[in-house]
Colleague: 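I'd like to ask some things about the structure below.
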Amino acid sequence: MDRKRKLICNTFNIKKQREGHSKNDIDLQTSTSPFPDFTEDPHGAISYLCALFPRKLFNDSLPPLFLRHQLYSLIHDRTAVDRLLSSLQQKGELCLIQTGFALDTFIVVKTEDFHRCTLLSSEGSTRAPVVRKILDSDLFLSPNISYDREEIMGKHRFSDREITQLVRAGLLTVRDAGSWWLSIPGAGRFITHFIKGRKALLSQIRKSRYREVLLTDLSTRKAPPNVRLGMEYHIHDIIGAGLVECFWDSSSYI
């Protein structure tokens, strides 16, 4: 059996196909799913994933956010997704933030939400002026993964003291000596919940018979204790990241 956990997305079990049907009969384009189809509305997919984010879990200290690959579970054309995110980033509508635990894994957050939460987190502190300075710069519009001393200090004119303040404020994360990643204040809590939830959901699927589970059933199950971000939030994660093998079938197969 393939090492990937198998996620069956309807009542059709691929191991028990009807006579006359083969694996090639499965149609990825016309199959049913418990989730909306955003093929023609990619902007709607962004709003949909933001709405799934459990803001109350973080007492509204974090803006609604999701991981880039979660969009791939709603829009199968990955190239179209990447182009859309790049376009919105250049327009200043979205920020893409490196997570720090995988170079190709990015947090996606709406710029206005990011600015609002970041300003609130620094309100009344001595770091407020430098926080405002970096938010007014174009660093968050850059497609770069990291930023070196020459770019931050030379091009954007941040001093050593200001960089230290931004690291303490959670807006910069040290990558290595003289290099930083942009970050979201308080994102560490989100990453902790995210990793624990992913492991818990995969463990639940692994314990299922044949390591298979119906997507419609999985999406309505009570979330395990470590799945604090919500079942659907994590389902889009494991599908988009390719951590499960997803078989789509026609609703006529029962």
Side-chain angles (χ1 to χ4, degrees), residues 4-5 7 46 48-74 85 94-111 113-123 125 127 131 134-135 140 145-147 163-176 179-207 213 218-219 221-244:
K4 291 182 180 179
R5 274 67 65 188
L7 188 63
I46 293 174
Y48 183 80
L49 288 175
C50 283
L52 291 179
F53 183 77
R55 298 172 60 176
K56 291 184 178 179
L57 178 63
F58 304 98
N59 297 317
D60 273 337
S61 62
L62 286 178
L65 53 87
F66 59 90
L67 280 297
R68 179 178 63 177
H69 64 257
Q70 288 175 288
L71 275 175
Y72 300 154
S73 71
L74 295 171
L85 293 180
L94 290 181
C95 294
L96 267 63
I97 310 294
Q98 226 289 327
T99 60
F101 63 81
L103 290 179
D104 61 346
T105 304
F106 292 87
I107 290 174
V108 180
V109 58
K110 292 183 179 181
T111 303
D113 292 333
F114 175 75
H115 282 205
R116 174 180 53 79
C117 287
T118 301
L119 290 173
L120 284 175
S121 69
S122 65
E123 190 175 19
S125 72
R127 297 190 288 266
V131 167
I134 194 173
L135 292 179
F140 285 87
I145 294 176
S146 63
Y147 306 88
I163 292 174
T164 299
Q165 287 181 313
L166 290 170
V167 170
R168 291 176 177 173
L171 274 168
L172 289 179
T173 301
V174 177
R175 181 186 182 188
D176 51 39
S179 179
W180 299 267
W181 278 312
L182 293 173
S183 184
I184 299 176
R189 287 182 59 206
F190 164 75
I191 297 298
T192 298
H193 286 307
F194 183 82
I195 293 175
K196 287 183 177 180
R198 171 187 281 185
K199 290 180 178 179
L201 185 57
L202 289 175
S203 176
Q204 187 178 84
I205 297 173
R206 192 181 300 115
K207 292 176 181 178
V213 63
L218 185 64
S219 63
R221 287 183 184 179
K222 181 180 179 181
N226 281 335
V227 181
R228 303 289 302 280
L229 300 177
M231 288 291 280
E232 186 177 346
Y233 194 90
H234 281 291
I235 287 172
H236 291 302
D237 164 47
I238 63 175
I239 293 178
L243 299 177
V244 292

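Positions are given from 1, in the same order as the sequence printed here. A quick note: this is a predicted structure, and the numbers were derived from the prediction, not measured.
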Colleague: Within the side chain of T118, is there an N or O that forms a donor-acceptor pair under 3.5 Å with the backbone of H115?
Modeller: no
Colleague: Set out, in order, the CA-CA distance, both residues' side-chain angles and the distance that settles side chain to side chain contact (heavy atoms under 4.5 Å, CB included) for L85 and I46, then state yes or no.
Modeller: CA-CA 10 Å; L85 293 180; I46 293 174; 4.2 Å; yes
Colleague: Is there a donor-acceptor pair under 3.5 Å between the side chain of T99 and the backbone N or O of T105?
Modeller: yes
Colleague: Roughly how far, to the nearest 0.5 Å, is OG of S121 from CD1 of I184?
Modeller: 11.0 Å
Colleague: For R116, enumerate each residue passing the salt bridge (Lys or Arg N to Asp or Glu O under 4.0 Å) test, keeping only those at least two apart in sequence or located in another chain.
Modeller: D113
Colleague: Taking ring pair (Phe, Tyr, Trp, His ring centres under 6.0 Å) as the definition, give me every residue that meets it alongside F114, ordered by chain and number, with sequence neighbours left out.
Modeller: F140
Colleague: For M231 and P224, work out which heavy atoms get closest and say how close.
Modeller: SD-CD, 3.8 Å
Colleague: Nearest 0.5 angstrom please: F58 CZ to F53 CZ, how far?
Modeller: 4.5 Å
Colleague: Please confirm whether the backbone N or O of D176 pairs with a side-chain atom of S179, one donor and one acceptor, at under 3.5 Å?
Modeller: no
Colleague: Mind checking whether L172 and L182 have side chains closer than 4.5 Å, heavy atoms only?
Modeller: yes
Colleague: Q70 side chain to Y233 main-chain N or O, any donor-acceptor pair under 3.5 Å?
Modeller: yes
Colleague: Would you check if F66 and L71 make a side-chain contact, meaning some heavy-atom pair closer than 4.5 Å?
Modeller: yes
Colleague: Using a 4.5 Å cut-off on heavy atoms from C-beta on, say whether the side chain of L94 contacts that of K110.
Modeller: yes
Colleague: As a quick check of understanding, evaluate side chain to side chain contact (heavy atoms under 4.5 Å, CB included) for I238 and I205, giving each step before the final call.
Modeller: CA-CA 11 Å; I238 63 175; I205 297 173; 3.7 Å; yes
Colleague: For the side chain of R68 and the backbone of D104, is there at least one donor-acceptor N/O pair under 3.5 Å apart?
Modeller: yes
Colleague: Give, for atom CD1 of I107 and atom SG of C95, the distance between the pair rounded to the nearest 0.5 Å.
Modeller: 11.0 Å
Colleague: If you look at every heavy atom in S125 and S122, which pair is closest and at what distance?
Modeller: OG-O, 2.7 Å
Colleague: Among L229, L202, I239, find the residue that satisfies the side-chain contact (heavy atoms from CB on, under 4.5 Å) test when tested with H234.
Modeller: L229
Colleague: According to salt bridge (Lys or Arg N to Asp or Glu O under 4.0 Å), who are the partners of R168, at least two apart in sequence or on a separate chain?
Modeller: none
Colleague: What is the distance from atom CZ of R221 to atom CD of Q204, rounded to the nearest 0.5 Å?
Modeller: 5.0 Å
Colleague: In sequence, state the C-alpha distance, the side-chain angles, and the governing distance for S73 and I235, and then conclude on side chain to side chain contact (heavy atoms under 4.5 Å, CB included).
Modeller: CA-CA 9 Å; S73 71; I235 287 172; over 6 Å; no
Colleague: Minimum heavy-atom separation for P64 to C50, with atom names?
Modeller: CB-O, 3.6 Å
Colleague: CG/L49 to CD/E232 distance, rounded to the nearest 0.5 angstrom?
Modeller: 8.0 Å
Colleague: Do the side chains of F194 and D237 get nearer than 4.5 Å, heavy atoms only?
Modeller: yes
Colleague: Rounded to the nearest 0.5 Å, what separation is found between the OG1 atom of T173 and the CH2 atom of W180?
Modeller: 12.0 Å
Colleague: Counting C-beta onward and ignoring hydrogens, is there a side-chain heavy-atom pair between L218 and L201 closer than 4.5 Å?
Modeller: yes
Colleague: So, the side chain of S203 versus the backbone of K199: is there a donor-acceptor pair under 3.5 Å, distance only?
Modeller: no
